[in-house]
Structure formats: C-alpha cells, structure tokens
Amino acid sequence: MKRVHFSMLLWLVATAAFGHEGHQPLPTRGVQVDLKTGKISLSRSARELIDVRTVAAERRESTERLRAYATVVAPWTKYAVVTSRLSGRVVALHVRPGDAVEAGQVLAEVDSLDLHTLRLDYQQAQNDIDLTEKILAGVEPAAKAGSISGQKLIEAQQAHRQNLNTLQVLQAKATALNVDEATLATDEESRPLRLPIRSTVGGVVVHADLAVGKFIEPTEHLMDIVDLSTVWVRIGVLEQDWHRVTLGQTVRLTVSGLPGRVFETQVDRLGQMLDPQTHQSLAWAEIRNSDKSPALRPGMNGQAELSWKGPKPTLAVPNQAVLSDGAERYVLVEEAATKEGSEYQKVAVVVGRQSAGHTEIIAGKLLPDDRVVTRGGHELSSLFFLGVFCYRAKKRTN
C-alpha cells in the first residue's frame, strides 16, 4: 500500500479541518500517513497545531496485586456478651440498642432472691461476730485467772475465727456481684437491694433481649456490646494464592454498603488453617473507625486488594499514551524530531496493570527511553482511520 498524503482528505470532508470535542482540529497540510508501516510524518506547523507532547518510557517499580473477598467483623477483644450472675426479675433497664456505654456502666438492675439471702447471711454473720467477740472478751480473763479451762478459750477463739471467715466469704460474693457492702448491712426499706448488671467494655449496645419484669437465669444471653472504634477485616485467600500473602502487605478495602470509599490498612495476622470445603485460608487486618459515627460495621462485605512490590521493575508509560483501535493496543513512538518536523511510529503493545497514572507494558517492541506520545495521540490515531477511508475512496474514484 502506497503512502497516502493527507491533503487528499479534502476530497472527502466538507471542512478544511477535522476535530472533535476535547481534541485539537487536524491540519490539512504537512501530514503524511503510511498505512502499511504505521508511520506518521508531521511538519513543524502540523505538529504545533496538534500540540504533540511526548515522554520517555521508563522502568518503574512493579506492583503485584491480589483481590479477595473480605468481611468486616467485630474485634473479639472488644466484644462483650452481657449475662447475669444470679437469677431474678428485671426491675430497671437503663439502655437500649444503639446506646453508647462505658466500661463499668450499669445497664440493668435485677431483683434476686439469692441476693436477699446473701443480705440475710451477711447480717447474720455480723451478729455472730458481735456475739463471739463478747463471749471471747469474757472468756479470755477467766481463762487467765484459771476459773475456766483453756479448752473453753480455744473453742471461743475458733468460733470467732469461723464467723470472721464466713463474713469474708460473703464479702467476696458481694464484690463479685458488684454489690456495695454497705447495702448488705441495711434493710430493704431503707436501701432496696438490686443486682447491677454492668458493661465490661466501652462501646455500643448492638443487641438486647431484655424487658422490665422479665425473669432471667444465670448465663442467659441478655445483651451484646461492641467497641467499633476499630474493626477487623477477614480476608479469604484461595489456596493457590496463599504463598503470595505476607505480613505488612497493603490492603485497600471497598464494601458494597459504602460505594466510592476506600479504606487502607495492612495485613497484620495470618491464619494457620485451610478450610477443606472452600480451600481458603484467612488473612486479617485492622482498620480504625470513627468513634462517633463508625462507617464500617460488622457484617459488611466487599473486596480487599492486597498489593506489594514486584520482584523487578517493569516498563511503563503514562496511561494516556496507550491507544486502541478496538483490535489492539498500541503507542506512538517518536522516531525523529527536528525543527522541520517529526515522525511517529505505531508500535503494538500488550499492557498489564495500571497504577499511579501508569500502565505496565508486558510485551511489544517498546524499549526504555523510547519517547511515546502523551498529548495529541488521539488526533494522530485518527489519521490512520481517515487514511484508510481516503485510500478506499480514491480506489473507488479510479
């Protein structure tokens, strides 16, 4: 196929220049297109009109990427299941789902028969101690005087010591139940005795199965409280990709419930087991959430992209340098540039990943330091289409 002069396009277009939105108009003179070799020659004026710009292809640090299914989960270390240590009836409920609570805050109060029994036992132990103290105070002088046997003194001392031990046990029970000892020493009318159910962690109430008047049993699941200031990301990695995952790799998380948002973190833990059904193992990451309005919530699903530096640099060009005619990808390489004009060669390439505004070139005759067109490329690529169009039109007229 012979070289087609661009001036022949005047036969086919009604205007003296061809342009489209977002690109410079094409010149009508000073352009030559060789369709067979894929070469374009521009005069100085044509080059300036299109405003052709070039940059050198370069070797850049390559980035490996791995995409995997991810789920947001609540941290096990910041998750509390609230239960009661005694059976009883709920007489007060101070929180509801969605409320923020602090560690140690009273969530509910329970009226328990076991607690009333504890109060009676405590008061009885106090009375017994008072009695044995009085007995011991009378026995010790009599034993020293010889009016009673030493065995009587030993028995009185043992009884008093036993009562003190009983009181200590009751005090320990009260402490374990978060009951004030002063409350045990008073009667029900002056200070009603209620078992406080407290939160062991600070966070948000995400579930509550309680109502005033409900009778509850020990260890019954009453509430769930979770601290969402940080959440964990559970990443399922297929068996064939597991060897590519290591600690410290960058993780970019996207979830379907928050379109357009990207959360960045790092792999900080690796699972040690492989699921025989899914053939997956787990990698874990942690993400800091907003304390006031956490965006990531347990149960959200999405995609995690793990990335790390590749073993060696790869050839790359700016994204805008890669052109396509639908069948192949190519770049335009500047082969000559003088004051009089420039020549550009169409070079087919196979592209890889895109990152940081650049596209990897994994195959093709492009070499490092080759200057590729980054501005004006679409206008120049249009010349191939118009040249073919012109050539066919010329054949029809001949």
Side-chain angles (χ1 to χ4, degrees), residues 75-97 99-140 153-227:
W76 304 330
T77 56
K78 298 183 179 181
Y79 188 99
V81 175
V82 179
T83 61
S84 174
R85 298 189 178 185
L86 298 176
S87 60
R89 184 172 55 87
V90 178
V91 294
L93 187 59
H94 301 299
V95 297
R96 58 182 180 178
D99 286 350
V101 299
E102 298 179 356
Q105 181 176 333
V106 176
L107 309 175
E109 297 177 46
V110 176
D111 184 10
S112 172
L113 179 61
D114 293 333
L115 206 56
H116 292 291
T117 302
L118 176 61
R119 168 183 264 172
L120 293 176
D121 291 343
Y122 179 87
Q123 293 176 354
Q124 182 62 48
Q126 288 281 23
N127 293 335
D128 291 343
I129 288 173
D130 292 341
L131 178 59
T132 54
E133 280 182 346
K134 293 178 181 179
I135 293 174
L136 192 58
V139 169
E140 284 179 341
L153 176 60
I154 294 174
E155 291 175 355
Q157 290 173 337
Q158 289 178 343
H160 184 63
R161 191 177 299 110
Q162 184 176 356
N163 290 334
L164 290 173
N165 291 339
T166 300
L167 181 63
Q168 288 180 348
V169 171
L170 295 173
Q171 289 171 333
K173 287 184 178 179
T175 301
L177 295 171
N178 295 315
V179 175
D180 186 2
E181 189 175 348
T183 303
L184 295 178
T186 59
D187 56 27
E188 181 68 20
E189 292 183 0
S190 59
R191 184 178 294 186
L193 183 57
R194 301 291 183 265
L195 175 66
I197 298 179
R198 301 179 185 272
S199 175
T200 57
V201 299
V204 177
V205 180
V206 295
H207 168 79
D209 188 17
L210 273 183
V212 174
K214 179 180 179 179
F215 189 85
I216 59 175
E217 294 289 347
T219 69
E220 183 178 346
H221 189 163
L222 306 177
M223 293 184 188
D224 292 317
I225 298 175
V226 60
D227 179 1

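Owing to the predicted nature of the structure, the values given are computational and were not obtained by experimental measurement.
With L118 as the partner, the side-chain contact (heavy atoms from CB on, under 4.5 Å) test is satisfied by one option alone out of L177, L193, L195: L177.
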May I have the step-by-step check of side-chain contact (heavy atoms from CB on, under 4.5 Å) for V201 and D227, ending in yes or no?
CA-CA 7 Å; V201 299; D227 179 1; 5.6 Å; no

Step-by-step side-chain contact (heavy atoms from CB on, under 4.5 Å) determination, V90 to E109:
CA-CA 6 Å; V90 178; E109 297 177 46; over 6 Å; no

Please determine whether side-chain contact (heavy atoms from CB on, under 4.5 Å) holds for the pair R89 and V110, giving the CA-CA distance in whole Å, both sets of side-chain angles, and the decisive distance to 0.1 Å.
CA-CA 5 Å; R89 184 172 55 87; V110 176; 5.7 Å; no

side-chain contact (heavy atoms from CB on, under 4.5 Å) between M223 and D209, intermediate numbers included:
CA-CA 6 Å; M223 293 184 188; D209 188 17; over 6 Å; no

Let's go through Q124 and D128 carefully: what are the C-alpha distance in whole Å and the side-chain angles of both, what is the deciding distance for side-chain hydrogen bond (donor to acceptor under 3.5 Å, both in side chains) to 0.1 Å, and is it a yes or a no?
CA-CA 6 Å; Q124 182 62 48; D128 291 343; 2.9 Å; yes

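Distance check: I129 CD1 to L167 CG gives 4.0 Å after rounding to the nearest 0.5 Å. The distance from the CG atom of N163 to the CG atom of L131 is 8.0 Å, given to the nearest 0.5 Å. With rounding to the nearest 0.5 angstrom, the CD atom of Q157 is 6.0 Å from the CD atom of E140. Expressed to the nearest 0.5 Å, how far CZ of R161 lies from CD1 of I154 amounts to 10.0 Å. Atom OG1 of T186 is separated from atom OH of Y122 by 10.0 Å, given to the nearest 0.5 angstrom. Note that NE2 of H160 and CD of E133 are 4.5 Å apart. Values are rounded to the nearest 0.5 Å.
With contacts defined as side-chain heavy-atom distances shorter than 4.5 Å, the pair I225/V206 does not qualify. Residues V212 and V91 form no side-chain contact, since every pair of their non-hydrogen atoms from C-beta on lies 4.5 Å or further apart. Looking at V205 and D224, their side chains never come closer than 4.5 Å, going by heavy atoms from C-beta outward.
Within 6.0 Å of the CD atom in Q162, the count of heavy atoms belonging to other residues, nucleotides or ligands does not exceed 12. Heavy atoms of other residues, nucleotides or ligands lying less than 6.0 angstrom from CZ of R96 number 12 at most. Around NZ of K173, the count of heavy atoms belonging to other residues, nucleotides or ligands within 6.0 Å does not exceed 12.
Taking all atoms of both residues into account, the shortest heavy-atom contact from A174 to L184 is CB-CD1, 3.5 Å. The two atoms that bring R198 and N178 nearest to each other are NE-CB, 3.7 Å, heavy atoms only. Shown here for I197 and T83, the closest heavy-atom pair between the two residues is CG2-O, 3.9 Å. Between F215 and S87, the closest heavy-atom pair is CZ-CB, 4.1 Å. Across all their heavy atoms, L170 and D121 have their closest contact at CD1-O, 3.3 Å. Heavy atoms only, all atoms of each residue included: I135 and A156 are closest at CG2-CB, 4.4 Å.
Distance alone, capped at 3.5 Å, places no donor-acceptor pair between the Q158 side chain and the E155 backbone. Here the side chain of E220 pairs no donor or acceptor atom with the backbone of S84 at under 3.5 angstrom. Put simply, the side chain of D111 never gets that close to the backbone of R194: no donor and acceptor are under 3.5 Å apart.
Inspection of the N127 and Q123 side chains reveals no N or O donor paired with an N or O acceptor under 3.5 Å.
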